[in-house]
Amino acid sequence: MPKLNFKRLMVEFKQVESAIAAGQVPSFHRCAPVEDNLMEWEVDISFPADSALQKSLENLAASMFDSSLNKLTLCIRFPVEFPMSPPEAWLRRPRMRYRSGQSGPVTFGGRVCSMLLASAGWQPATSMLAVLKEVQQSLVDSGIEANTTVCVKKDSGCQCLNTELFPTVNGFCKDGMTAISPVEASAFLGDLSRLEATDKIGLPFAYANSIYQRAELGAELVLPMVFELKTLLGRKTHCAIFEFVDGLPDMHVLIPKWVMEDLAIDEREPVRVRGVSLDLVTAVKVQPHSVDFYSAVRDSGRDVRELLTESLSRFSTLTEDTAVPIEVSGKLFEVQVITVEPHGAVRIIDMDVQHHFEFKVEFEPAPDLEDEAATKEFQDRALKSLKLRRERSAAGRQEIEDRRREAREKRYEDLVSNASAKATADSSEGTLEIGLRMPDGSQVKGKFSEGAPVACLALAALQSTWAKAALPWNIYLRMAFPKKVLGKDDIISKDFHRTTLSVQEEQAPDKDEELFAVLRDSPSPRKSVGASGIPEELAPPPVPERDESELLARTQRAFEMQRFLRAGFSLEEAEKKFQAGEILPPTAASRRPEPRPPAALGSVSKPASPVDEAEEDEKEKRIEAVVAFTGADRDAAKRALEENQWIEELAVNSEAFQSPRSGLARSAVYSPDFVNLLAVAMSMYRYKNLQSAVANGQVPGLVRCEPVDDNMLDWDIDMAFPPESRLQQSLDSLADSMFDPEMKKLTLGVRFPAEYPLSPPEVWLRAALASGGWNPVTTMIAVLQDVRQALIDSGIEAYTTVAIKKEYPKAQVQLVRLHSELFPTVNGFCKENMTVLSAREAAPFLGDLSRLEATDKIGLPFSYANEIYSREDLRLPLIFEVTTRLGRKTHCAIFEFVNGLPDMHVLMPKWVMNDLCIDERESVRVRGVELDLITSVKVQPHSVDFYEAVKGSGREVQSLLTDSLARFSALTEDTAVPIDVDGTYLHVQIVSVAPRGAVRIIDTDVQHHFEFKVDFVPAPDLEDEAAKQEHQRRVIDALKLKRDQSALKKQELTDRLQAARQHRFRMLLADATKAAGGGEGGSKGIEIALRLPDGSQVKGAYEEGSPIACLLLAALDSDWAKSTLPWGIYLRMAFPKKVLKEGDLITKEFHRSMLSVQEEEAPDDEQILAVLSEAAAPSGTKEDPEALSPEPMPELDEEALMARTQKAFEVQRLVRAGCSQQEAEDRYSKGDILPPTDASRRPEPLPPAGPAAPVAPVRLERTLSQEEERQRKIQVVMNFTGVDIDVAQVALEDAGWTTDRAINTLLDNLAA
């Protein structure tokens, strides 16, 4: 960079910096170079307090609990020709919006437009201070406002309810929805007082279609609709839907005012709204906030429990740790919901109507706040309950993690076993050299025999160090040239010699039940069809050996727990009673009659007497009981009773009913200890019979039968069906599309009631057995055969468009060349598991779509158009990123929003699907992104035939590639695109694109093509081994370099984030120390305890009237705070429930109370890092933003600044000349720089005096006179330094009329 240009930049920067430090521009707060590069500045600006822009910034800062957001940040970028060319001003944050019908100086991309910054209006002498003031005034005059609806997503770490308990349903989850009360919304929506009297919420009418349409598409619609509300601080509650309100804007939610107060949020604060499924309430425990509640109930003449039950039944849902209002004689009292059962949140309404029912209500007496002992006892009890809940939650999570690890190890062992079985013994002793590149970058090389199965390569990959550590769920082998995924039936040929195959990992399912199924299933590799008509690959596994005593113990526990819960006990009470050995008395259905002595029934003296008839009836009852228990016929039951003196227990346990297959001794299940466990005995007995029948192949189609968690009252059963049935064909299609052979089976759940076999079991795939048609003698084999035949006859099919969402672990993300962070989601569009259709597949119901096939664009459902175009922050042109389950990515523009295309479907050209290696109806993720305009692209033809075809067409390769690529809408690295050469389509690989890994070619929303540089790499000669190895080496080196750079950037980002959090924590500590003002301590003070988020406590004594900052200082000085470095903290009281504010004082009410310390979550990385560039917090108030004090200016290392700026200057010039970013940096590091342009080349120095140089005879130009030459030099100095004419003339006279010397002197004086 020319030294004069650097000096001018340094002078301008120091002028702005000095003005801020001296307070000459109170609305400017910070000016700093970006990464010590003077060619890019960041400037923080505020505006007059009465301006609409500053008011919107204050509202944004208040709603986000972040005072730093009350300023606007600009990015100033200087071109290489500065000061001869104007700089650019870009808005960094926050986002802006205009009032309807207005336009302003900020474009969609964030660039600030002004006549002063245009080439026509720019003057080289203009100072940057004047530029910034002009930009500030233009923003104020335009009426632009900060977009306060754009909120930072914060994940709370202090939530009471675990999200995993209530998974998202109905596909509804909206972050950053604006909360509005009915009072606030009545101005534009009319009277909404009915909503205020409920505990329900209102949602925009536009969301009704997206939810109810799920049922039309075959997805499950969960009713009644219940939604979870979550605040930024992690507070949660649950509400049913009041109605979908017509006229309510998108991303807004109506919430009753009392619910907002319980959540501790204000109007227009952001919340997350998520559809959940809650269980029906069985029991609830509450606690009134005040003892006045009992006085009011006593005066009303009603019973407390009766009034609470009636009042709570009017709510739609209840959530633990929330407060609800109860009306007593026209007066409202708040009661705290302590616990609810069966989970931490329950619903009271059933389906989509008000259906109230009986449930158990308990209450704790309200704490007497005047009684210190009672208050302390209550606080200790609450803390103990919280710790117990946390310990149980941690133990449960650890158990799940251990089972997940065990399932992955089992799956990995099965993969290795299957690969070993398919691989031949001599396959690894061949002559073909093949390398395998693992997902972590390592390689495995070996020699294999020609004709050996591909399983040999899979086995080598599975035995690698990477596989043993990562335990992949499955792997695939992929060739680069030609691009394809190797199938399981492929064999190794000569084409594989000296090639490197990529090993790609399939991710494990995210649903634990599918992951844990591996621990029970043992799939067979066979594929043929057996005699029963069921594929042998679905043949039942061998019956495992089970510990019957353990089975019996677990089943007995489940049985007794079920009976306790039915009797109205809570789960915790049932646990305690069972542990204590208590059991309920047997019911009439399960109670056996007392055995009579043999003589009472063994002889008949008077056949016709009433006594004989009674004895005969008693015999019949005992025969029926034995038949019901054993399933034997009447004659066998009668003989067994006669042989055992008509005693039922002896008859049932006799050898006559011992099953030779099951080996189950009746004495183990029908002994006096378990005489009342009829359901336990029968379920175990019939389970053994069923297992034996499955093992012997007597039940066609039954693949597996296992108890769930060793509980004999709950079975899992896998079924298969005849291959020609529609149900089995649909299951096969689902398994193929999901790459999971386990999905070829249908899984049923069989649940036995406590009254079994006198009451029927339940068989779950939305089907149950009716009590009216049930016979206790019916065996489970008959039940399952009947269910299987019913499914076949119904013509039901598996829903093959439902795909499993799979998250990619870190090992897979590192393989993807394009990181999602490069292209953040825009336009609020991100849809997981969209079903792919080609134009040909969709033609039968959408008509001719051949136009789509000739493009690189996609089609989306018409219903999504309104969702996208209604956004205020709409980004154009619309570009979407398509990601497959294996991590392959490409980018496409929108073809059109297709009327008639169902939701969650996307139309895609067939050639794009082939490049992504996906088939029809596979699932992909589609997400809106914003790409930069293309500057250059490097491609590589797949075959040398490309050059022959181009030569035959008579065109030049470079010209043909440029014309062809310009027809695309977007290009992505590592994808292949078709090029038309005289009617023949030949594929070329996109090796790299600039400025980033994916670019767009269209501009705005119309076809606007422009010039860009096209480079190409010669196609590899697949017959030349040396060329092929060289190509592979280059690819591997480039990949390693990119990975190293990415790792360094991630580590640097982590270090900077940690430094920013430490700086923020020191600021919090300093502010709290200053605000406390010595109010801490005191011998006769007020004793207060603080409960920290990790469960620890901080206790201290404080003087009455001291500021709340004393408590904040104590919390920040704790070990917890020093280790976690919180972004901010709040203090919350339990009774009365409120959040303490900065202006509050410590009063006597605080004595011996415990306050909860809640942590504010940190914002996104960009705002965290902004802390490093800010020094002390602003001292001004919100009402007077111009009173914000400037930050102290840091000392700058001018040599380092010069070096970085010089590098940025030269790299920018090389990029403009057509080099890629990497090439430009490489050339600069080697010392290669471009010659100066005419604009930056300085004229040759002239002698100080004397006449002008003689004119050569051949030139007819007029020579400037000495006076004219001096005037030109004065103008040059004025333009470059910004001084007036007199100063420029004096400087030139002192410098002997040498321009360079005069400019250097002036810039040095200005910099000083």
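This is a predicted model, so every value here is computed, not measured. Numbers here are sequence positions counted from 1.
Under 4.0 Å is where a charged nitrogen must lie from a carboxylate oxygen, and between Glu582 and Lys576 no such pair does. One finds no salt bridge joining Lys200 and Glu243 here, because no Lys/Arg side-chain nitrogen approaches an Asp/Glu carboxylate oxygen to under 4.0 Å.
Looking only at distances, no side-chain donor or acceptor of Ser1096 sits under 3.5 Å from a matching main-chain atom of Leu1092. Judged by distance alone, the side chain of Glu320 and the main-chain N or O of Val340 form a donor-acceptor pair under 3.5 Å. Tyr212 places no side-chain N or O within donor-acceptor distance of the main-chain N or O of Leu221, the cut-off being under 3.5 Å. Looking only at distances, no side-chain donor or acceptor of Asn170 sits under 3.5 Å from a matching main-chain atom of Phe172. A donor-acceptor distance shorter than 3.5 angstrom exists from the side chain of Thr317 to the backbone of His238, with no hydrogens or angles considered. Between the Gln398 side chain and the Ala395 main chain, no donor and acceptor come within less than 3.5 Å of each other. Between the Asp199 side chain and the Ser316 main chain, a donor and an acceptor come within less than 3.5 Å of each other. Side-chain atoms of Ser1106 do not come within 3.5 Å of backbone N or O of Tyr1102 as any donor-acceptor pair. A donor-acceptor pair under 3.5 Å is absent between the side-chain atoms of Thr178 and the main chain of Arg268, judged by distance alone.
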What side-chain donor-acceptor pairs closer than 3.5 Å can you find for residues 182-195, not counting sequence neighbours?
from, atom 1, to, atom 2, distance (Å)
Ser186, OG, Val183, O, 2.7
Asp191, OD1, Ser193, N, 3.1
Asp191, OD1, Ser193, OG, 3.2
Asp191, OD2, Ser193, OG, 3.3

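Looking at Trp1120 and Val1098, their side chains never come closer than 4.5 Å, going by heavy atoms from C-beta outward. The closest side-chain heavy-atom distance from Arg1132 to Lys1138 is not below 4.5 Å.
Remark: Asp1094 CG is packed, more than 12 non-hydrogen atoms of other residues, nucleotides or ligands lying under 6.0 Å away. Other residues, nucleotides and ligands place no more than 12 heavy atoms under 6.0 Å from the CD atom of Glu1149.
Remark: Asp1144 pairs with no residue by the side-chain hydrogen bond (donor to acceptor under 3.5 Å, both in side chains) rule, at least two apart or across chains. The side-chain hydrogen bond (donor to acceptor under 3.5 Å, both in side chains) check on Ser1156 picks up Arg1091, with sequence neighbours excluded. Listed by chain and number, the residues in a ring pair (Phe, Tyr, Trp, His ring centres under 6.0 Å) with Phe244 amount to none (sequence neighbours excluded).
Thr282 contributes atom OG1, which lies 9.5 Å from atom NE2 of His343 (distance to the nearest 0.5 angstrom).
Each of Lys1099, Arg1152, Lys1148 was scored for a salt bridge (Lys or Arg N to Asp or Glu O under 4.0 Å) with Glu1087, with one residue passing: Arg1152.
For the salt bridge (Lys or Arg N to Asp or Glu O under 4.0 Å) condition, no pair includes a residue of residues 326-338, sequence neighbours left out. For residues 245-265, every residue pair satisfying the salt bridge (Lys or Arg N to Asp or Glu O under 4.0 Å) rule, not counting sequence neighbours, is listed here: Arg235-Asp262, Lys257-Glu267, Asp262-Lys1137.
For the pair Lys1141 and Tyr1130, the cation-pi criterion (under 6.0 Å, within 45° of the ring axis) is not fulfilled.
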